[in-house]
Structures are given as C-alpha cells and as structure tokens.
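Here the structure is laid out as structure tokens; the discussion comes afterwards.
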Number of protein chains: 2
Amino acid sequence: MEDVARAAGVSRATVSRVINGVRNVNPAIQETVRQAIAATGYVPNQAARSLVTRRTGSVALVVSGAGVEGEENPFPNQVFADPFFGRVAGGVVGYLRPLGVHPVLLFAETDAARAEVVDYLRQGKADGAILVSTHGEDPLPKLLVDGGLPAVLFARPPEPLPISYVDVAHRTGAKLAADHLVARGCHHVATISGPLDVLAAQDRLAGFRDAMAMLGHPYIPCVEGAFTLDSGEAAMERLLAEHPDVDGVFSANDLMAQGALQALRRHGRRVPDDVAMVGFDDSSAALACRPPLTTIRHPVEDMAAELARLLLAQIEQPDRRVTSVIFEPTLVVRESA
Amino acid sequence: MEDVARAAGVSRATVSRVINGVRNVNPAIQETVRQAIAATGYVPNQAARSLVTRRTGSVALVVSGAGVEGEENPFPNQVFADPFFGRVAGGVVGYLRPLGVHPVLLFAETDAARAEVVDYLRQGKADGAILVSTHGEDPLPKLLVDGGLPAVLFARPPEPLPISYVDVAHRTGAKLAADHLVARGCHHVATISGPLDVLAAQDRLAGFRDAMAMLGHPYIPCVEGAFTLDSGEAAMERLLAEHPDVDGVFSANDLMAQGALQALRRHGRRVPDDVAMVGFDDSSAALACRPPLTTIRHPVEDMAAELARLLLAQIEQPDRRVTSVIFEPTLVVRESA
DNA sequence: AGCAGTCTGGAGAGCGCTCTCCGATATGCT
DNA sequence: AGCATATCGGAGAGCGCTCTCCAGACTGCT
C-alpha cells in the first residue's frame with residue numbers, strides 16, 4: 001500500500017479512501033491512485049483490514065444437528081443428501097455474493113462442535129451465523145443468543161428466543177394440499193407426517209387436519225415418518241395395511257412421498273387414479289418421482305436470501321429488534337394428484 | 001490479552017506462547033495463564049493473528065462451472081442437486097475440522113466469479129483453494145496456478161497443469177462393470193456415456209469398451225448423456241429403439257441409470273431379468289432406484305480428505321512438487337445387475 | 001569455582017490497514 | 001478585501017497479536 005501511495009504521489013490515507021470509496025477524493029487523484037494500484041498489482045490485505053474494522057466479510061452457514069449425538073462421524077455428509085440444504089446455500093450465496101460476503105460452512109452435530117461454532121464467532125472469524133437446524137431441540141440458537149452473537153434461524157425456534165428467523169406458513173401449505181385432494185374427489189384421505197418433535201412436522205399435520213375438518217373430513221389417519229425415503233415407504237405400507245381404502249395421501253415432505261409412491265407401486269395401486277399423492281417442499285425428489293409429484297413449494301431460495309438480509313441488518317445494528325418473516329407456500333400441480 | 005498477562009503476572013509473549021503451545025513454558029506458569037484466560041474469558045482475535053502469521057485457517061471450497069455461462073443465475077443451487085458435491089464437502093470437512101481449518105463456499109460459474117475467487121485468495125481471505133469443476137474447460141485451475149496460489153483439483157485437469165489432484169481410476173471402474181455384466185451372462189451390452197467433453201466420461205467409455213473387447217465383445221453401442229436424470233431416460237429410450245435386444249447397460253453415472261431404469265419400466269422391461277443395469281458413483285440416487293442400483297463406488301470422502309491434505313501440504317511448503325493420487329473404485333452389487 | 005552452553009521469560013518491533021484529527025486550500029459571503 | 005465555512009489530503013496513532021532478540025538463571029563440565 002505504501003508502494004501505491006508513493007507511485008501515485010499521495011499518502012496511504014488517500015489510497016485507503018479511494019479503495020473504500022469513503023469521503024470525497026478529487027477525481028483526478030482518484031484516477032492516479034487507481035492506475036498506481038493497477039501498476040503495482042496491489043491487493044489489500046483482508047486480515048489487516050479486519051483488524052481495524054472488526055468485520056470479516058464472512059458469515060457462518062451452520063448446519064446444526066446433522067449427525068447422531070455422540071457418534072463418531074468423520075464425514076458429515078448426509079445433510080446434503082436432502083437437496084433442501086443445497087437450495088438454502090444457493091439462496092444465501094445468491095444474496096450475499098453481490099455484497100462481497102462469503103459463507104463459511106460449519107457443521108454442529110455434537111456439543112463440542114457447537115462450542116466450536118460459538119468460538120468461531122467469538123474469535124471474529126465470521127461476523128454472524130445463519131443456522132439451519134435439522135431437529136427441534138438444538139441448543140445452539142440459545143448459546144448464540146446468550147453469547148450476544150449475531151445469528152438468525154431458518155425456521156421458528158421451538159422455544160421462544162429473541163432471534164430473527166424466517167419460516168414458511170406450514171398450515172397454509174397443508175391447507176393447499178387438503179383443498180386439492182378434496183377437490184380431486186378423494187374420500188379416504190390419510191397423511192404421513194414428519195417426526196413430531198419437529199415443529200414444522202407438527203404444524204403441517206395440524207394444518208392438514210384442520211383444513212380437512214373444515215372440508216367435512218373430521219378423521220384423518222396419520223402415520224409418523226422421519227422425513228426419509230425409507231420411512232415414507234414404511235409409513236405407506238402401514239397405511240395400506242390399516243386403511244386399504246385410502247385414495248389420497250398428504251406426505252409431509254417429498255422424500256417420504258417418493259418412498260410412499262414406491263410402496264404403492266409394489267401394491268399395484270395406480271397413482272393418481274387409485275391413490276393421489278401430495279408432497280411438501282418441491283425438492284428435486286418431486287421431479288424424480290414417477291409420476292412427478294404434486295407438491296407444496298416453499299420459496300426456499302427467497303427465504304434463505306431474506307434470512308441473509310436479516311443477519312446482515314443484525315450485524316449492522318446489534319441492538320435491533322428481532323423480526324420474523326413468514327413466506328406463503330404455493331401448490332405445484334404435477335401428475336401424482 | 002494484555003488483561004490476561006496482567007492477571008497471570010506474566011508478559012503478553014508468555015500468554016501467546018501458552019496459547020500456541022510453542023516453546024517450553026514452565027508448567028506452573030502455564031497453569032496460571034490458563035486460569036487467567038478462563039477468568040477473563042479471553043478469546044484471541046483471529047484477524048490480528050492472521051495479520052502476522054499470514055494464515056487464515058480457512059480454505060476456499062470452489063465449485064466451478066456450476067451454471068450456464070453468461071446466464072443470469074442468482075441462485076447457484078443445482079450443484080447440490082447432485083449428492084456428489086455433498087460427499088466432497090463432507091470429506092473435506094471431515095479432514096479439515098480436527099485441524100481447525102474451515103472451508104468457505106465459493107461458486108465460480110462465470111468469468112467474473114472466477115476473478116473474484118483469485119482475488120479472494122490474493123487478499124488472503126483463504127490460504128488455498130480446493131476446486132471441484134463440473135466441466136472440462138474450466139479456466140480457473142490455470143488462473144490459480146499462474147497466480148502462484150495454492151490450489152488442488154478434484155479430478156485430473158484436461159490440460160496438463162502443475163497442480164496436485166486426486167482422481168478415481170475410471171477405467172478400472174468401467175472394467176469392473178464390464179466384468180460383472182459379462183459374468184451375469186449379458187450378450188447385448190450397451191452404454192450410456194457422460195458428456196464427452198468431460199475427461200471422466202471419456203475414460204469411463206474407453207475403459208468400458210476396452211474391457212468389453214477384452215471379453216470378446218468388440219462392438220458396444222453408446223448413447224451420450226449429460227449426467228442428468230432426464231438425459232439418462234432419453235438415452236435409454238434411444239438405446240431401446242435402436243437396439244431392442246439390449247440386455248445389459250453400463251451407465252456412466254447413477255443419476256442417468258436412474259432415468260434409464262424409469263424408461264425400462266415404462267417399456268415393461270424387468271430389471272435385472274430382462275436388462276441388467278450398472279451405474280457409477282454409488283451416489284444416493286443408487287439407493288433411491290428401484291431396484292437398488294448395482295454401481296461402481298469411488299471413495300469420494302476419502303478422496304476429498306486426501307485432497308484437503310494435499311492442499312494443506314502445499315500451503316505449508318509452496319515450492320513442493322505437485323502430486324496426484326488415484327483411488328481404486330469398487331463394485332457394489334445390489335439388485336439391478 | 002569458573003566457564004561455556006542451554007533454557008526460559010520479557011521487551012518491543014512490527015504485520016497492513018483504517019480513521020480521527022489537523023492543517024491547507026478553495027469557496028461563498030458581507 | 002476579509003472573514004467564516006466547506007472541502008480534501010496528510011500525519012500518525014493504534015487495531016491485537018506473533019516472534020525475534022536479549023538477558024538472566026540454571027545446568028554440567030573441566
């Protein structure tokens with residue numbers, strides 16, 4: 001930087017001002033400085049910059065609760081198996097990149113890892129954290145809030161916490177599914193729920209039952225799944241065994257719907273003629289299904305982008321009031337219902 | 001840090017030595033310092049540390065060539081749709097985390113983005129880069145090498161470049177598939193290749209044809225796919241139309257095999273009885289197939305870990321000789337063949 | 001006991017930047 | 001012309017750490 005200043009015949013301060021576009025600098029001098037920068041091939045040092053600005057220009061993208069507690073898991077990869085996380089990452093990057101902010105990938109499936117995340121932020125390696133929890137009882141949000149560290153959440157925290165988050169209107173989505181199944185003429189409707197310790201799963205189930213009740217169907221059989229392909233297949237098997245006359249199913253996510261479809265095929269049930277199937281998420285699994293899955297789409301990318309925006313705002317002014325933004329899902333009609 | 005030093009009655013230098021475990025420090029003093037650290041709740045500032053060590057403790061995990069060149073793509077998410085990338089990320093994190101190194105997620109699908117990656121490293125925001133290219137003509141590796149920036153590659157670069165990489169023995173994998181199909185008694189074997197501008201696709205095709213020739217099958221029909229589900233389905237359609245007697249197929253990746261399986265089902269061909277199918281990658285798609293896919297597994301996580309190791313070595317001693325590590329794939333027999 | 005050699009803690013100089021002051025120059029007003 | 005006011009560049013003090021150098025204490029040898 002000294003070199004640039006010398007080459008341009010100005011002081012370091014002026015070079016700094018040109019680079020950061022702060023205050024007015026004579027356009028002629030600005031041009032001289034730029035040329036000097038180009039000539040010397042100067043690139044500012046991020047560490048030095050961070051040291052004084054107390055900003056790193058990066059945020060932690062934390063996937064929490066990814067593995068089994070206490071289990072040795074050298075390769076925390078199953079997170080990515082669900083394309084959902086990829087969409088989140090895409091949305092976050094889409095928003096942050098134009099601002100020159102970069103996400104650091106962090107996994108926090110054990111208590112030790114969670115402590116590391118807190119340290120990571122404490123040490124100023126990132127300015128804040130975007131949390132994507134895969135299960136309900138994640139202690140990390142509270143740790144972060146208690147530590148006064150800027151953080152935001154994908155999905156509403158199970159216990160009330162002064163933290164900003166985005167979420168989807170699960171109940172509205174479930175209602176969309178209910179309306180569609182009933183409009184199709186389904187009379188024996190059942191549902192495959194997600195793990196009921198997850199808030200989203202609860203909301204989807206409750207929303208579905210409420211909507212169905214409103215439509216004159218007070219009793220909706222339900223089998224609990226685990227948001228996985230296999231659990232969906234197993235749930236459908238049970239549904240078929242216990243309620244052979246089922247002609248419409250709402251699955252709390254696409255992956256389970258895909259599994260359910262496989263079970264239906266094995267039992268010779270045609271979809272959608274014999275049994276109609278509606279999923280949730282509009283993940284890539286929905287397109288991989290045969291027939292392609294009718295599903296509830298939430299704007300994950302937009303939600304993730306909004307989440308990134310909330311975090312940046314929080315970093316900018318830490319004593320800011322927390323907010324939540326709820327997105328409305330939409331029904332995507334394909335062939336399965 | 002000053003506070004810690006005062007609290008422990010030592011100098012800053014000693015505190016630093018205790019924290020970094022460098023040189024011998026009197027165990028008694030060490031203990032005092034540790035207690036002082038705990039008492040003051042001190043956390044070292046990463047920026048200050050980086051400023052002098054010229055190390056950030058983070059590496060860039062770059063997904064290159066993720067989107068369509070020149071196309072506006074605010075959400076670069078389709079990368080994650082392929083679970084392969086998730087396994088890479090898992091492997092990298094698995095190796096780096098115990099060393100306190102963290103990966104920063106970077107996308108480089110446009111020239112502008114590629115320049116940003118180079119700048120990112122130049123500015124010292126990361127110590128090096130792990131590149132995962134999705135297509136052959138990626139100019140980024142060369143940019144990095146020319147810039148003298150530490151970088152390593154997943155998969156062999158199309159043009160020779162002084163850069164370390166890991167790869168899988170594609171030909172060996174293809175041979176495994178050929179042996180298996182022939183051993184099953186297939187007589188009319190065809191293959192669905194990947195996009196032939198990708199080296200891996202070329203190798204898998206050539207390896208398969210060579211192995212089949214060695215087994216007495218000199219002519220192997222091939223349809224080129226694009227490593228996607230749909231392209232696999234379309235390729236199988238064409239294969240079925242042009243070679244109705246086909247009874248064994250080697251697909252250059254699992255996703256295409258999954259698509260091919262759907263086409264076969266639609267045509268009423270039983271798998272594996274009428275047509276046997278072997279995929280490549282052992283991705284999660286292989287398990288989602290019905291029947292589950294026999295496929296060639298490469299140890300992606302191990303490869304990614306090794307790649308991370310190579311990068312760290314390179315960062316440690318920049319003038320180090322470049323190396324390549326080739327991993328042997330294995331055959332995973334499931335039900336499709 | 002005396003000396004070279006080894007070990008350990010402290011002092012202090014930066015690392016490369018930003019940003020607050022300050023002073024110098026240009027501008028607008030009476 | 002003379003003053004107050006706005007504008008813009010420079011000087012220099014840190015930001016929080018690491019690490020080299022140095023001095024003092026201690027060891028083992030003759």
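Only a predicted model underlies this, so the values are computations on that prediction, with no experimental measurement involved. Side-chain atoms are counted along with the backbone in the values below, which use heavy atoms only and exclude waters and symmetry mates. Numbered from 1 within each chain, the chains take letters A, B, ... in sequence-line order.
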Would you mind reading off the distance between [X] atom [atom1] and [N] atom [atom2], rounded to a whole angstrom?
X: Ile29(A); N: dA24(C); atom1: CD1; atom2: P; result: 17 Å
X: Ile19(B); N: dG16(D); atom1: CD1; atom2: P; result: 14 Å
X: Arg49(A); N: dG16(D); atom1: CZ; atom2: C1'; result: 18 Å

Mark yes or no for whether [X], through its side chain, and [Y], through its backbone, hold a donor-acceptor pair below 3.5 Å.
X: Arg97(A); Y: Ala113(B); answer: no
X: Ser164(A); Y: Ser324(A); answer: no
X: Asp127(A); Y: Val59(A); answer: no

Quick one: is [N] close enough that its OP1 or OP2 comes under 4.0 Å of any side-chain N or O from [X]?
X: Ser16(B); N: dC17(D); value: no
X: Asn20(B); N: dT18(D); value: yes
X: Thr14(A); N: dG9(D); value: no

Determine the contact category for Val4(B): base if any of its heavy atoms lies under 4.0 Å from a base atom, sugar-phosphate if only primed atoms, P, OP1 or OP2 are that close, otherwise nothing.
nothing
To the closest 0.5 Å, what do you measure between CG (Leu140(B)) and CG (Asp111(B))?
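Going from CG on Leu140(B) over to CG on Asp111(B), the span is 10.0 Å.
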I'd like to know if Arg122(A) pairs up with Asp119(A) as an ion pair, taking the criterion as any Lys NZ or Arg NE/NH1/NH2 lying under 4.0 Å from an Asp or Glu carboxylate oxygen.
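Salt bridge flag = no for Asp119(A) with Arg122(A).
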List, with names and distances, any nitrogen or oxygen atoms from the protein found under 3.5 Å away from nitrogen or oxygen atoms belonging to nucleotides 11-15 of chain C.
{"residue": "dA13(C)", "atom": "N6", "partner": "Arg12(B)", "partner atom": "NH2", "Å": "3.2"}
{"residue": "dC15(C)", "atom": "O3'", "partner": "Arg54(B)", "partner atom": "NH2", "Å": "2.8"}

Side chain to side chain contact (heavy atoms under 4.5 Å, CB included), paired with Val4(B), selected from Thr14(B), Ile37(B), Val18(B)
Ile37(B)
